[in-house]
Amino acid sequence: MAEQHEHGGQAPGDRPVIPEELNGPQADAVEHVDGPLLIFAGAGSGKTRVIVYRIANLIATHRVPPYRILAVTFTNKAAGEMKHRLERLLGPDIVRDLWVGTFHSVCVRLLRKHHEAAGLDRGFVIYDDGDQRAVVARVLKELDLDDRRYPPRQVLSRIHAYKQEGRGPDDVDSDGYFDDAVLRCYRGYERHLKQASAVDFDDLLLAVLRLVEDPESLAGDDLRRRFSYVLVDEFQDVNHVQYRLVRALCKQHDNLCVVGDDDQSIYRWRGADVRVIRGFRRDFPGASVIKLEQNYRSVANVVQAALGVIRSAKDREPKELWTSNRSGDQVQVVAADSEHDEAAWVASRIKELTAEGVSPRDIAVFYRVHAQSRVLEEVLRSERIPYQIIGGTRFFERAEIKNLLSYLRVVVNPRTDVDLHRIINVPSRKIGSTTIDRLIQVADNLRVSLYDAIEPLVEGAIDDVRAGGKPAVTTQTRKALLGFRDLMEDLRKKAREASPSQVAEEVLERTGYAKLLKEEDNAEADARLQNLQELLQSILDYEEEMKAAGEPALLTGYLERVSLTSDADTLEDVPKVAMMTIHAAKGLEFHAVFLTGMEEDLFPFRSMEPSRGDDVEEERRLAYVAITRAREKLWITHASRRAIFGQTRYNAPSRFLKDMPEAAVRGVLTPATQMMARRPEGSSGGFGSFSGASGAGRFGGRGDRDRAASTRFDTSPRPAWRHPQDSAVSGMRDAAPRPPPQSVNPGERFIDRDPDAESDGESISLRRGSRVRHERFGLGTVNSIDPGADPIASVTFSGWGLKRIKVRFLKPLDG
DNA sequence: TGCGCTCTACGTGCG
DNA sequence: GTAGAGCGCA
């Protein structure tokens, strides 16, 4: 019972029974169906199971029509999982009528019904983060604001913050010059989106909220009556708009059930407000509260370690996670010497695990920031451990994919400026930045979209665009612009009668994009073509799916789906080790977990700007989330030095380690730190050289690369992370963070000339066209070589594209 | 106009 | 380490 939550509950016929193995509070949560209900569900307490049975119970026992039930989840994946489990209990016919989805997908679905009432075009597009930033950049330019003083990212996050409080540009009091500029940007941003017939993710919710809260609106009336039971999962992560939305949707009946855990609130930076769950009882004075505190997931040592971390958190809802599971292995806290050493350690433990018969799919590696993944990935790859990375650069963010999607979006909605801007000169049609700038000026002057500005620009009617009597554009440019417009008009015509996949193929053909890539005939272009093929396939899959559901396959529908799919949804159920940030790990569980980079400044993470003071609290909860993902085995690693973001840092082990109870934890040294611990003070040498003031040099760290195959060894019984400065373990000082001895003059760039490194001799034999192998990227072809003390080659790798790699990391291939 | 080089800044990321 | 922006040159 410890691991699998979903054994019981085979429903006899269409009538699911409440399975006996649900414990007291769980059964209460399932059976309590009238009035507001707040469920505090601790980590691993069988939450999903309770939600599923609760819904099944509503339908089977209380005969609630499925289409009257709304269940909101945090990710599509969670929604999918819930539907899947419900299908097993209730069958697909009933589940099809349920409303299960994320806030955004539910809102899009509702807006599709009521787009007119919401004042939206039928073909509205959804702008993602990149699109939004592009809009802000354009607005900054338009307002003649310096984008260094007003970084688009910051401006955008302010705009988001306003939106998540439900405030428009006119509801904000300006508080100083910066605010003033931000406000002007906000106005411009809203205007551009409206003009482009685009919405951002916040707008999806706000649009529905406005309808629901409008007592006059007929659409709002429909929405208010639509659902008789509303259930919200991960309630600790809702923001104010989401909360208002939920309250408005169930105002007429109060059958609102929310499930969450304030200890797992980790998205404050994104607008989530843990006070919402903490204040639920105040907002719903009649609410019942049920606490699920028994953890079924993890061995007791893991639960104890997690409790140690969360116990000292401030302002917690009082509750105590407990487990009757066996104590299991202790949590191992591993002191590594560097990030390479750490990665090697992780890889060798994974090898042991798989040798013991643990499936790679049941192993996960977590990190605080994506930047940590590179080294881990390199080692796993060289050790031939299969892995999948969740997040990072996603498929839909690759340039060629975005380009094709932008074409499709312009086909659906020519006013979407961000997309038009992206593709107007891809592939090159001699429409350069000068022309585009003019087009933007015309568009801004006339307050129309870029697409609608093409006509006036080529007509030269806009005299104030240019000085003097010269035509606004040359004949050539005029031809290019009109050619582009005609192309788009043809594609739009095609879209009226053809399927989405046919339109996509037509785009690739008519634009010459496919031909261009084929002619390039190198590995990079090849990879791009393959990606485009993959996108076409996903469109075909969509068409297939719609056909099966008996619905028309529309281009807008496909584009909408793409917009609403995210990283967290891409975890495949395949035998591969999963690598992800801790944020992406929320809601998941694994047999064995490696939590890496457990160092001060990295975890808890310290940002450049010394702004928000409460952040450590959220980091603490993040640590709690990470630890509670592990069922059986948990390794927590920290490195005494780490090269990240282009500099080397010396960080102390994380403060969170000290909060874990000693009995649940065991300190371990990697072979490298062990060696250093034995070495007498002063002769460590392993720290190599220091690059001085530039901080950009490499360390001699000769051992790092050779150490990849770290061997099994015995461990110190003493906790390696405790007070390293005065530890009784001899030589632990060396593992402690401190500046290394300097061996070159400050400011002088140190170049690693390790005699053992693959020799320069080979670089001479490399030339343009040489085939080479790289540990991480595999086979590639050399495009060019920059000579120098440490020559660098530009190499095209199949599937990875063009990379600049130091020649000594390349192995030449014969032939 | 477009390419290639240099400089910079770098969190986490639902949908 | 590296992607993306800015800038100078062909």
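Letters A, B, ... are given to chains in the order of the sequence lines, protein chains preceding strands, and every chain is numbered from 1.
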Sugar-phosphate only, base, or nothing, as touched by Glu339(A) at under 4.0 Å among non-hydrogen atoms: nothing
Parallel, tilted or perpendicular: rings of Tyr267(A) and Phe74(A) (30°, 60°): tilted
Under the ring pair (Phe, Tyr, Trp, His ring centres under 6.0 Å) test, residues paired with Tyr558(A) that sit two or more places apart: Tyr542(A)
His583(A) side chain near Trp269(A) side chain, heavy-atom distance below 4.5 Å: yes
Ring-base stacking, Phe103(A) with dC14(B) (5.5 Å, 30° cut-offs): no
Value in whole Å for how far the P atom of dC10(B) lies from CZ of Phe645(A): 9 Å
Out of dG2(B), dT1(B), dG13(B), whichever nucleotide has its closest atom nearest the side chain of Thr435(A): dT1(B)
Between dG13(B) (P) and Asp202(A) (CG): distance, integer Å: 18 Å
Selected nucleotide, minimal atom distance to Thr75(A) side chain, candidates dG13(B), dG1(C), dC14(B): dC14(B)
Atom pair distance, as rounded to whole Å: CD in Gln264(A) and C1' in dT12(B): 16 Å
Base-pair map of DNA chain B as dot-bracket, where | denotes pairing with a different strand and pairs are Watson-Crick or G-U under 3.5 Å: ||||||||||.....
With sequence neighbours excluded, residues passing salt bridge (charged side-chain N to carboxylate O under 4.0 Å, His left out) with Glu339(A): none
Thr434(A), nearest nucleotide to its side chain (from dG13(B), dT12(B), dT1(B)): dT1(B)
With sequence neighbours excluded, residues passing ring pair (Phe, Tyr, Trp, His ring centres under 6.0 Å) with Tyr162(A): Tyr186(A)
Partners meeting side chain to side chain donor-acceptor pair (under 3.5 Å) with Thr556(A) (sequence neighbours left out): none
Euclidean distance, atom CZ of residue Arg133(A) to atom P of dG13(B) [Å, nearest integer]: 14 Å
Spacing of Gln154(A) atom CD relative to dA9(B) atom C1', expressed in whole Å: 12 Å
Partners passing salt bridge (charged side-chain N to carboxylate O under 4.0 Å, His left out) against Lys83(A) (at least two apart in sequence or in another chain): none
Phosphate-side-chain proximity, Asn425(A) and dG2(B), N/O vs OP1/OP2 below 4.0 Å: yes
Sugar-phosphate, base or nothing in reach of Arg153(A), heavy atoms under 4.0 Å: base
Pairs where residues 421-430 of chain A contributes a residue and the test salt bridge (Lys or Arg N to Asp or Glu O under 4.0 Å) is met, not counting sequence neighbours: Asp131(A)-Arg422(A), Asp419(A)-Arg422(A)
d(NZ, Lys430(A); P, dG2(B)) in whole Å: 7 Å
Counterpart residues, salt bridge (charged side-chain N to carboxylate O under 4.0 Å, His left out), relative to Arg275(A) (two or more places apart): Asp273(A)
Upstream residue (5' side of DNA chain B) when Ser428(A) and Arg270(A) are each assigned their closest nucleotide: Ser428(A)
Protein-nucleotide distance (Tyr367(A), atom OH; dG13(B), atom C1'), rounded to Å: 13 Å
Nearest-neighbour nucleotide for the Ala584(A) side chain, dT12(B), dG13(B), dG1(C) considered: dG13(B)
Between Gln132(A) and Asp200(A), a side-chain donor and acceptor under 3.5 Å: no
Which nucleotide in dT2(C), dT12(B), dC14(B) has an atom nearest any side-chain atom of Arg374(A): dT2(C)
Upstream residue (5' side of DNA chain B) when His160(A) and His583(A) are each assigned their closest nucleotide: His583(A)
Spacing between Glu617(A) atom CD and dT12(B) atom P, to the nearest angstrom: 21 Å
Phosphate OP1/OP2 of dG13(B) contacted by His370(A) side-chain N/O (<4.0 Å): yes
Glu342(A)-Thr596(A) side chain donor-acceptor pair, cut-off 3.5 Å: no
Contacts under 3.5 Å, N or O only, protein and nucleotides 6-10 of chain C:
unit_1, atom_1, unit_2, atom_2, d
dG6(C), OP1, Asp147(A), OD2, 3.4

Sugar-phosphate, base or nothing in reach of Asp200(A), heavy atoms under 4.0 Å: nothing
